[in-house]
Amino acid sequence: MSSGAVQVPPELASKVSAWFENDKNEHTRKEITELVNSQNWHELHLRLDSRIAFGTAGLRARMEAGVSRMNTLTVLQASQGLAKYLQDKFPTNKSVVVGHDHRFNSKEFAQVTIAAFLQLGFTVYDLCFVENDGTQDVYVHTPLVPFAIDQLNASGGVMITASHNPKLDNGYKVYYSNGCQIIPPHDRLIAQSIDDNLKPWDDAWNYDSIKAGAIASGKLIDAKSDITQKYVSAVAKRLVFTELSSTKNKPWFVYTPMHGVGSEIFERIVEKVWGLKGNVDYLCVPQQKNPDPEFPTVSFPNPEEKGALDLAISLAEKNDISFVLANDPDADRFSAAVKYENKWKQLSGNEIGFLFAQQTWDSYKQENEEFQRANPLVLINSTVSSQMIKRMAEVEGFEYRDTLTGFKWLGNQARSLEKEGLYVPFAFEEAIGYMFSKVVHDKDGISAAVVFLQMIANWKAKGLSPIDILRRAFARYGYFQEYNGYYTVPNPTVTNVIFGAIRDSYRNHGQQHPSTLGDEFTVETFTDLTIGYQSDTPNNVPRLPVDSSSQMITAVLRSRLHSDDYVRFTTRGSGTEPKLKVYIEAISDSEEKARALAKRTWDTLKECWFKPQEMGLTTNF
Ligand SMILES: O=P(O)(O)O[C@H]1O[C@H](CO)[C@@H](O)[C@H]1O
Ligand SMILES: [Mg+2]
């Protein structure tokens, strides 16, 4: 093909012309035109060779032109495929929920999504409906989508958000009729349906005219106010167990929504439930309070990143406050920092998860015997999260299960355990995600904040801090210490090369897995969920689902220095960012020893497996 005077290489030509045939967005058309004109074939290959795929949290990528990126065309195509799929699955209940956050293009992406569903005759519950586009901004926090699906008995839902990713990214989270994110085989089948529906339907780009008709026929429904009210009542009714008395003009915690959508719903809930008021009972970080897609005060809008809570902590410090609560920008995750013995400590996702688990167990114990018999307790977390709740379950006598990374797995696991008659009130993952299934079967940063505030109040009444609770738990369940970190990879191929080299290092010696690691460790168990091998199961069949398209190895190591000490670690390629993640948890008979052991494991893996310099990896850990 030729575009003006430029001759496009044959292997790219049909991809470029398909783009121009389908895309009607002038910005993204221009981007591809410019890449063609500047003969940037390398970039065009990156943009056009492979279609954006469902990862840990749905579709997520940088917003730019190309089938591998987030743009109006790929969102439209994903929506057409999804709409067809849901129509096939639920022919008599064609209804979906759509919401979006405050990121660049989120509203436009929601509009093409809605247009696709309306064209197939779906009823669309729009959580961000606006009367006159452009004059008003309406956003929702991510958990409102699964909540609305449950309330409305919808067949699915879409949330446009890239959560805590950099500002130029966006994403497309897909929920199924059970209010959980999609897992196999749905992701694969939806991907197939997308491929079968790439050509934009006739009215794909005509949102405004479709909208008018759909409002008139009752197919497009403004749902935010009704659903939000129900959400607030559900949280108040199902998750509130403690009175929080209003403090007399003395704020006692700081809250930040990290430039995202959290403050509107957070303020409303704490006011409705306890009468707490901003600037009176708590402070909200003023620079981060309003939704802002530029995320101006943080380099990464992720409460997990170092420094993300600095503004909140300094506000707390100035006002003699010792608790900071934070949501990520779409308010589905939750973080907390506490001042203890005059030092600020941000709790890790695992520590917060353990504290919630402890709270869950304490409340469960207060239920009568009849309730407990009818509702056997199970707590779940992702397999890369702390195993301390597994130990807790063994000691206290309840059930524990683990899943793969991400709430798509945790939510669905909870649903299926509930079907078996088990009681799964809480689940977590180390990436500061917490689910309270009485409200939604997905993580929810607002529910988490509501529960945590009550825990703080109860601890304070007893003169305790969360650190004291954790220390008591270590004494009872063992000293679990993590060293979680990641390497930034230049591109995902490098992750595959590294894992290939790791496998070669023992397979070339005829072993199915390594027997030692560095000088210190012997390998006790070894699981490779990419190739489907587990050393300690019948026929070496892994317990968790195998996925050959994502890299993941887990092992348990015993230290030769102290035979009671052991470490469990997982390393995997991220499904949302160009990262190779390493999750390490060491168990010893003191906090210090466990911490040191976890760090030695990081160093050993770095030297024996990851070789960052050789592989072009960078890390701040
Ligand atoms: O580790 P990746 O695949 O990037 O997924 C991350 O994204 C999810 C949070 O949005 C968490 O599950 C976290 O682990
Ligand atoms: Mg999020």
Side-chain angles (χ1 to χ4, degrees), residues 53-61 99-103 106 139-146 159-166 169-175 180-181 183 187 256-262 265 291 295 300-305 308 326-335 348-350 353 380-386 402-413 427-435 440 442-449 482 484-489 492 495 529-530 547 549-552 570-583:
F54 289 104
T56 321
L59 305 176
R60 216 182 266 189
H100 68 79
D101 70 5
H102 66 302
R103 283 179 178 263
S106 285
Y139 317 116
V140 289
H141 75 311
T142 297
L144 209 62
V145 172
M159 175 72 190
I160 308 290
T161 179
S163 183
H164 53 279
N165 277 44
D169 287 3
N170 215 329
Y172 188 93
K173 263 183 134 166
V174 177
Y175 291 86
C180 300
Q181 296 173 60
I183 49 169
D187 53 357
T256 175
M258 203 127 289
H259 300 293
V261 300
I265 185 77
F295 304 102
F300 293 98
N302 182 357
E304 290 173 292
E305 293 286 340
N327 283 133
D328 74 335
D330 64 326
D332 62 349
R333 301 189 304 148
F334 168 79
S335 183
S348 74
N350 279 325
I380 57 182
N381 69 8
S382 66
T383 193
V384 300
S385 304
S386 169
D402 63 351
T403 69
L404 291 180
T405 309
F407 266 86
K408 60 181 182 185
W409 296 104
L410 289 159
N412 278 288
Q413 170 80 291
F428 83 92
E429 64 176 6
E430 55 66 49
I432 58 170
Y434 310 101
M435 175 185 93
V440 280
D442 199 28
K443 60 192 173 201
D444 181 353
I446 298 295
S447 292
E482 71 191 54
N484 290 351
Y486 63 81
Y487 295 91
T488 303
V489 292
T495 305
L529 287 181
T530 313
D547 179 359
S549 69
S550 64
Q551 300 289 352
M552 176 158 166
T570 294
T571 174
R572 58 182 278 280
S574 157
T576 63
E577 296 166 290
K579 287 178 181 172
L580 192 162
K581 294 190 169 180
V582 189
Y583 312 81

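Residue numbers run from 1 in the order of the sequence given. Counting starts at 1 for both ligands and their atoms, in listed order.
For a threshold of 3.5 Å applied to N or O pairs, the pair formed by G573 and ligand 1 contains no separation below that value. For the pair S163 and ligand 1, the shortest N or O to N or O distance does not fall below 3.5 Å. When only interatomic distances are considered, the shortest N/O to N/O separation between E577 and ligand 1 does not fall below 3.5 Å. For ligand 1, one of its N or O atoms has an N or O atom of K443 under 3.5 Å away.
At a heavy-atom distance under 4.0 Å, only side-chain atoms of R60, from C-beta outward, approach ligand 1. Contact annotation: for T56 versus ligand 1, heavy atoms closer than 4.0 Å belong to the side chain alone.
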side-chain contact (heavy atoms from CB on, under 4.5 Å) between V145 and K173, worked out: CA-CA 10 Å; V145 172; K173 263 183 134 166; over 6 Å; no

Walk me through whether N165 and E577 qualify under side chain to side chain donor-acceptor pair (under 3.5 Å). CA-CA 8 Å; N165 277 44; E577 296 166 290; 5.0 Å; no

Pair Y434, D444 - check side-chain contact (heavy atoms from CB on, under 4.5 Å), show working. CA-CA 6 Å; Y434 310 101; D444 181 353; over 6 Å; no

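Numbered from 1 in the order shown, with element, the atoms of ligand 1 that lie under 4.0 Å from a heavy atom of R572 read 1 (O), 2 (P), 3 (O). Of all the atoms in ligand 1, the ones that sit under 4.0 Å from a non-hydrogen atom of G406 are 12 (O). The atoms of ligand 1 that sit less than 4.0 Å from any heavy atom of G575 are 2 (P), 3 (O), 4 (O). Taking a cut-off of under 4.0 Å to the non-hydrogen atoms of S574, the atoms of ligand 1 that pass are 2 (P), 3 (O), 4 (O). Close approach to T405 involves these atoms of ligand 1, each under 4.0 Å from a residue heavy atom: 12 (O), 14 (O).
A 4.5 Å side-chain heavy-atom check between Y486 and V582 finds every atom pair outside the cut-off. The shortest side-chain heavy-atom distance between R60 and S163 falls under the 4.5 Å cut-off. Using a 4.5 Å cut-off on side-chain heavy atoms (C-beta onward), K443 and L410 make no contact. You'll find the side chain of K579 stays beyond 4.5 Å of the side chain of Y487, heavy atoms only. Taking the side chain as every heavy atom from C-beta outward, S574 and T56 never approach each other to under 4.5 Å. With contacts defined as side-chain heavy-atom distances shorter than 4.5 Å, the pair M258/P303 qualifies. Side-chain contact between T142 and Y175: present, with at least one pair of heavy atoms (C-beta onward) separated by less than 4.5 Å.
For D332, the N/O/S atom at the shortest distance from the Mg ion (ligand 2) is named OD1. Residue D330 approaches the Mg ion (ligand 2) most closely through its N/O/S atom OD1. No other N/O/S atom of D328 lies as close to the Mg ion (ligand 2) as OD2 does.
Ranking the protein heavy atoms by distance from atom 13 (C) of ligand 1 puts A431 CB, 3.8 Å first. For atom 7 (O) of ligand 1, the closest non-hydrogen atom on the protein side is T576 CG2, 3.7 Å. Counting only heavy atoms of the protein, atom 11 (C) of ligand 1 lies nearest to E429 OE2, 3.1 Å.
In summary, an N, O or S atom of S163 is located under 2.8 Å from the Mg ion (ligand 2).
Between N350 and the options E429, E430, E482, a side chain to side chain donor-acceptor pair (under 3.5 Å) holds for only E482. Applying side-chain contact (heavy atoms from CB on, under 4.5 Å) to T383 and the options T403, L529, D402 leaves one that passes, D402.
Heavy-atom distances between K173 and ligand 1 stay at or above 4.0 Å for every pair.
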